[in-house]
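Report on the structure given below.
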Amino acid sequence: MRGYFITFEGIEGAGKSTQSVMLHNYLLQNNKKAVLTREPGGTTTGKKIRDILLSHTDEIFPPTAELFLYEADRSLHINNLIKPKLQEGFYVICDRFTDSTLAYQGYARGLDIKTVKEMNSIATEGLKPDITFLIDIPVEEGLKRISREREKDRIEKEDLNFHRKIREGFLKIAEEEKERVIILNGTEKPEVIFKKIVEILKNRNII
Ligand code: TMP
């Protein structure tokens with residue numbers, strides 16, 4: 001028995017967390033076994049790593065250190081939660097996964113793409129999402145949304161150009177993996193986006 005692994009990706013403020021919660025609730029209401037998790041920070045140790053990654057610091061924080069920490073978080077997550085839950089037949093919904101590392105540490109920070117892909121594959125032990133929803137919105141819109149919510153973390157604080165590279169990176173990944181990655185227009189109303197998600201999952205016999 002093996003459950004389904006569904007991931008959500010997007011730039012800051014795209015609305016992927018909202019959609020993850022909506023899908024989790026929908027599955028539970030339909031009597032499915034489902035777990036909602038996120039990266040970084042899906043495990044007890046992972047929460048500590050998340051804290052390190054997102055806190056402000058005066059020290060130099062090289063992209064390589066970022067990459068290793070995100071991958072360490074992922075390795076813990078895969079072994080403690082994702083794999084065991086999939087084996088138990090759960091739907092595992094994950095808010096961010098390997099595409100975020102490729103977009104942020106690869107396309108935006110500038111680390112070698114092939115190396116990032118290799119690191120992703122080591123951390124995931126080869127496990128890939130069955131389907132990924134990329135919620136796409138213009139960078140200005142996403143940043144406007146998060147600035148209303150709270151103080152920005154270490155990564156959100158980066159400039160507009162950095163966030164543009166992330167969005168372009170995600171779109172490139174989607175272009176390369178059309179079957180797995182579905183692009184959704186994040187400027188539409190959450191209910192409209194969610195309806196499309198359910199439709200796609202039904203069409204693919206995932207739900
Ligand atoms: P979140 O606040 O959307 O949960 O994501 C935390 C931050 O970490 C967000 O700025 C995106 C960033 N991130 C990476 O840079 N690389 C990664 O591999 C992941 C999972 C997140």
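In each ligand, atom 1 is the first atom listed, and ligand 1 is the first ligand listed. Side chains are part of it too, since the values below use all heavy atoms of this structure and drop only hydrogens, waters and symmetry mates.
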Please say whether [X] places an N or O atom under 3.5 Å from an N or O atom belonging to ligand 1.
{"X": "Q105", "value": "yes"}
{"X": "E66", "value": "no"}
{"X": "K16", "value": "yes"}
{"X": "R96", "value": "yes"}
{"X": "R50", "value": "yes"}

Among all the protein's non-hydrogen atoms, which is closest to [atom], and how far away is it?
{"atom": "atom 18 (O) of ligand 1", "value": "T101 OG1, 2.6 Å"}
{"atom": "atom 7 (C) of ligand 1", "value": "L54 CD2, 3.7 Å"}
{"atom": "atom 8 (O) of ligand 1", "value": "Y70 OH, 2.8 Å"}
{"atom": "atom 20 (C) of ligand 1", "value": "E39 O, 3.6 Å"}

Worksheet item: What atoms of ligand 1 come closer than 4.0 angstrom to any heavy atom of R74?
Response: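 Those of ligand 1 that fall under 4.0 Å from R74 are 18 (O), 20 (C).
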Fill in: Part of I155 with heavy atoms under 4.0 Å of ligand 1, whether side chain, backbone, both or neither
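The answer is the side chain.
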Worksheet item: Where the closest heavy atom to atom 10 (O) of ligand 1 is concerned, which of E9, E12, K152 has it?
Response: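 Looking at heavy atoms only, the winner is E12.
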To check you understand the geometry: which heavy-atom pair defines the closest contact between [X] and [Y], and what is its length?
{"X": "G41", "Y": "K47", "answer": "O-CG, 3.6 Å"}
{"X": "T132", "Y": "E9", "answer": "CG2-CG, 3.7 Å"}
{"X": "R96", "Y": "G10", "answer": "NH1-O, 3.0 Å"}

Can you tell me how far [atom2] of [Y] sits from [atom1] of [X], rounded to the nearest 0.5 angstrom?
{"X": "L102", "Y": "Y107", "atom1": "CG", "atom2": "OH", "value": "5.0 Å"}
{"X": "E141", "Y": "I11", "atom1": "CD", "atom2": "CD1", "value": "9.0 Å"}
{"X": "F170", "Y": "D99", "atom1": "CZ", "atom2": "CG", "value": "6.5 Å"}

Worksheet item: Can you name the one residue among R164, R109, K152 that meets salt bridge (charged side-chain N to carboxylate O under 4.0 Å, His left out) with E158?
Response: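 Testing E158 for a salt bridge (charged side-chain N to carboxylate O under 4.0 Å, His left out) against R164, R109, K152 leaves exactly one candidate, R109.
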Discussion item. Please confirm whether E71 approaches ligand 1 to less than 4.0 Å, judged on its heavy atoms.
Written reply: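 Checking ligand 1 against E71, which is what was asked, there is no heavy-atom contact under 4.0 Å.
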Discussion item. Distance to the ring centre below 6.0 angstrom and angle to the axis at most 45 degrees; does that hold for K85 and F90?
Written reply: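 K85 over F90 ring: yes.
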Worksheet item: Have S17 and R38 got a donor and an acceptor in their side chains that come within less than 3.5 Å?
Response: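 There is no such pair (donor and acceptor under 3.5 Å, judged by atom type) between the side chains of S17 and R38.
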